[in-house]
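First the structure, in the form of structure tokens, and then the observations on it.
If you're wondering where the values come from, they're calculated on a predicted model, not measured in any experiment.
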Amino acid sequence: MGRTAPKLIYHPIYSELELPDRHRYPIGKYRALYLALQQLGVPPDAFTLSETADLPLVSQVHQADYLNALCSGQLDAKAMRRIGFPWSEQLIRRSLLSVGGTVQSTALALQHGIALHLSGGYHHAFADYGSGFCLLNDLAVAAQYALNQGVHKVLIFDCDVHQGDGTAAIFADNPAVVTCSLHGEKNFPYHKQRSDWDLALDSQINDKDYLTAAEQSLDYLLRLHQPELVIYDAGIDIHQDDDLGLLAVTTAGIARRDALVLSRCRQAGIPVAAVIGGGYQRDLNRLTQIHLQLFYAAFALCDAPLPTHPDWQWLASVTS
């Protein structure tokens, strides 16, 4: 691999969570992705180990009462059902490390241009409650971190199939953070929030129409807001085979989307911190191959292509 390979952030705790049998959340995908990248030639020392998020920083986004109840296990049963996980100390440790990983990705992106987090995208967490497998909103905390570092404008470009409702609500009155959500119109959450830019997509949208929507949205937002940082949620639950997605985007379409976002930002000189976001196939092998598209695109863009990927030359041409 070349010297300019993108920065990678990971922690083994991401897949170390006891869940009930047949739980809907594919907790093993983080470790599967980490191992797949090593099999593709990424050495273990290329990964930065994520660190626990700084609680004073988290408290700039989340309300103190919610944080205290969440971390101490005092949330009521209804609140935990809304989150979708049984409470445990491991769940809290994992959540704080994942938030910390997205913050580190942001710091590394600001230093090096591109950083990829092998977790993240917990955009359904609001300031005072969690929802949809999201306890703490790592995208929002990372954006707040960037503002604290002197960044004047952050774009959160969220391509998960589910609207980033928590992120939209958290920054509703903060013009320094531009929230964008490209999501399925008829998907969770059923009560949508108002982002700065929402694009509700028809069910069964195909590659061509999806990529047109993504390209036009990104170009417009970059031109209008001229952000100094993009936080990119590269959710793959838009895939045609995703159990929860309802859209019809192919793996090739996701590869082109990821290449498009990274290359447009690179061309504009804007750092990108990317998280892998949602993806809900039960077959971890297939799920991992789709998540890998983000990494193929990033490595090709950085002139450090993953050598065993047969199509990296094509991705390099897309990102040039």
Distance-only check: which donor-acceptor pairs under 3.5 Å involve side-chain atoms of residues 180-188, not counting sequence neighbours?
{"unit_1": "Ser181", "atom_1": "OG", "unit_2": "Gly164", "atom_2": "N", "d": "3.3"}
{"unit_1": "Ser181", "atom_1": "OG", "unit_2": "His183", "atom_2": "ND1", "d": "2.8"}
{"unit_1": "His183", "atom_1": "ND1", "unit_2": "Ser181", "atom_2": "O", "d": "3.4"}
{"unit_1": "Asn187", "atom_1": "OD1", "unit_2": "His162", "atom_2": "NE2", "d": "3.1"}
{"unit_1": "Asn187", "atom_1": "ND2", "unit_2": "Leu244", "atom_2": "O", "d": "2.8"}
{"unit_1": "Asn187", "atom_1": "ND2", "unit_2": "Gly245", "atom_2": "O", "d": "3.0"}

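In this structure, Arg82 contributes its side chain and Ser131 its backbone to no donor-acceptor pair below 3.5 Å. Under the 3.5 Å distance criterion, the side-chain polar atoms of Tyr66 are matched with a main-chain donor or acceptor of Gly130. Between the side chain of Asp242 and the backbone N or O of Gly279, no donor-acceptor pair lies under 3.5 Å. With hydrogens and angles ignored, the 3.5 Å screen pairs no side-chain donor or acceptor of Asp237 with any backbone N or O of Tyr280. With Asp160 contributing its side chain and Gly278 its backbone, the two residues share a donor-acceptor pair below 3.5 Å. With hydrogens and angles ignored, the 3.5 Å screen pairs a side-chain donor or acceptor of Gln293 with a backbone N or O of Gln289. Under the 3.5 Å distance criterion, the side-chain polar atoms of Ser95 are left unmatched by any main-chain donor or acceptor of Leu135. Side chain of Arg266 to backbone of Cys302: no donor-acceptor contact under 3.5 angstrom is found. Between the side chain of Ser195 and the main chain of Ala168, no donor-acceptor pair closer than 3.5 Å is present.
Annotation: side chain of Leu37 is in contact with side chain of Leu118 (closest heavy-atom distance under 4.5 Å). You'll find the side chain of Pro189 reaches within 4.5 Å of the side chain of Gln163, heavy atoms only. Between Tyr129 and Cys134 there is no side-chain heavy-atom pair separated by less than 4.5 Å. Inter-residue side-chain proximity for Leu75 and Ile83 is flagged as met; some heavy-atom pair is nearer than 4.5 Å. Inter-residue side-chain proximity for Leu40 and Leu292 is flagged as met; some heavy-atom pair is nearer than 4.5 Å. Taking the side chain as every heavy atom from C-beta outward, Val141 and Thr102 never approach each other to under 4.5 Å. Inter-residue side-chain proximity for Val61 and Ile170 is flagged as met; some heavy-atom pair is nearer than 4.5 Å. The shortest side-chain heavy-atom distance between Gln90 and Ile13 falls under the 4.5 Å cut-off.
Distance check: Ile290 CD1 to Gln240 CD gives 8.5 Å after rounding to the nearest 0.5 Å. Phe299 contributes atom CZ, which lies 11.5 Å from atom CG of Leu262 (distance to the nearest 0.5 angstrom). Atom-to-atom distance recorded for Tyr25:OH and Leu17:CG is 9.5 Å, nearest 0.5 angstrom. A distance of 8.0 Å separates CG of Leu284 from OG of Ser15, quoted to the nearest 0.5 Å. Interatomic distance, CG of Leu139 versus NE2 of His124, reported as 10.5 Å (0.5 Å rounding). Atom CZ of Arg257 sits about 8.5 Å away from atom CD1 of Ile236, to the nearest 0.5 Å.
Summarising the geometry of Ile9 relative to Ser50, their closest heavy-atom pair is CG2-CB, 3.8 Å, with the distance given to 0.1 Å. Pairing each heavy atom of Ala176 with each of Leu147, the nearest pair is CB-CD2, 3.9 Å. In this structure, Thr288 and Ala36 approach most closely via the heavy-atom pair CG2-CB, 3.7 Å. Between Cys159 and Tyr232, the shortest heavy-atom contact is SG-CE1, 3.9 Å. Val154 approaches Ala146 most closely through the heavy-atom pair CG2-CB, 4.0 Å. Closest approach of Gly121 and Asp233 over heavy atoms only: CA-OD2, 3.6 Å.
Arg264 and Gln267 share no donor-acceptor pair across their side chains, judged by distance under 3.5 Å alone. Asp209 and Thr212 are not linked by any side-chain donor-acceptor pair at a separation below 3.5 angstrom, with hydrogens and angles left out of the test. Side-chain contact check for Asn137 and Thr167: at least one donor-acceptor pair (N or O, by modelled atom type) lies under 3.5 Å. There is no side-chain donor-acceptor pair under 3.5 Å between Tyr30 and Ser98. Looking only at atom types and distance, the side chain of Gln74 has no donor-acceptor partner in the side chain of Asn68 under 3.5 Å away. Side-chain contact, Thr250 with His239: no donor N or O sits under 3.5 Å from an acceptor N or O. In this structure, a donor-acceptor pair under 3.5 Å is present between the side chains of Ser217 and Trp197. Between the side chains of Asp258 and Tyr296, not a single donor N or O lies within less than 3.5 Å of an accepting N or O.
Aromatic ring centres of Tyr34 and Phe47: separated by under 6.0 Å. When ring centroids are compared, Tyr10 and His117 stay outside the 6.0 Å threshold.
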Working for side chain to side chain contact (heavy atoms under 4.5 Å, CB included), residues Arg256 and Tyr210: CA-CA 10 Å; Arg256 288 183 178 273; Tyr210 179 87; over 6 Å; no

Please determine whether side chain to side chain contact (heavy atoms under 4.5 Å, CB included) holds for the pair Leu229 and Ile231, giving the CA-CA distance in whole Å, both sets of side-chain angles, and the decisive distance to 0.1 Å. CA-CA 7 Å; Leu229 170 73; Ile231 298 176; 4.0 Å; yes

Step by step, would you call Thr48 with Leu8 a side chain to side chain contact (heavy atoms under 4.5 Å, CB included)? CA-CA 6 Å; Thr48 296; Leu8 306 173; over 6 Å; no

Quick one, His23 with Phe85, criterion side chain to side chain contact (heavy atoms under 4.5 Å, CB included). Give me CA distance, side-chain angles, the key distance, then yes/no. CA-CA 9 Å; His23 192 280; Phe85 291 130; 3.6 Å; yes

Start with the C-alpha distance between His123 and Asp165, add both sets of side-chain angles, then the distance that settles side-chain hydrogen bond (donor to acceptor under 3.5 Å, both in side chains), and finish with yes or no. CA-CA 7 Å; His123 56 180; Asp165 53 342; 5.9 Å; no

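Under the side-chain contact (heavy atoms from CB on, under 4.5 Å) test applied with Leu155, the options Leu224, Thr179, Leu218 reduce to a single match, Leu218.
Heavy-atom contacts from other residues, nucleotides or ligands closer than 6.0 Å to CZ of Arg24 number more than 12. By the neighbour-count criterion of 12 heavy atoms within 6.0 Å, atom CG of Asp76 is densely surrounded, having more than that number from other residues, nucleotides or ligands. Within a 6.0 Å radius of OH in Tyr220, other residues, nucleotides and ligands contribute 12 heavy atoms or fewer. No more than 12 heavy-atom neighbours from other residues, nucleotides or ligands sit within 6.0 angstrom of CD on Glu89. Enclosure of atom CZ in Arg31 is not indicated, since only 12 or fewer non-hydrogen atoms of other residues, nucleotides or ligands lie within 6.0 angstrom.
Screening residues 275-297 for salt bridge (Lys or Arg N to Asp or Glu O under 4.0 Å), with sequence neighbours left out, gives Asp241-Arg286.
Applying the side-chain contact (heavy atoms from CB on, under 4.5 Å) test to Gln60 and every residue at least two apart in sequence or in another chain returns Leu57, Gln144, Asn148.
Hydrophobic clustering (side-chain heavy atoms under 4.5 Å, transitive across Ile, Leu, Val, Met, Phe, Trp, Tyr) keeps Tyr145 apart from Leu108.
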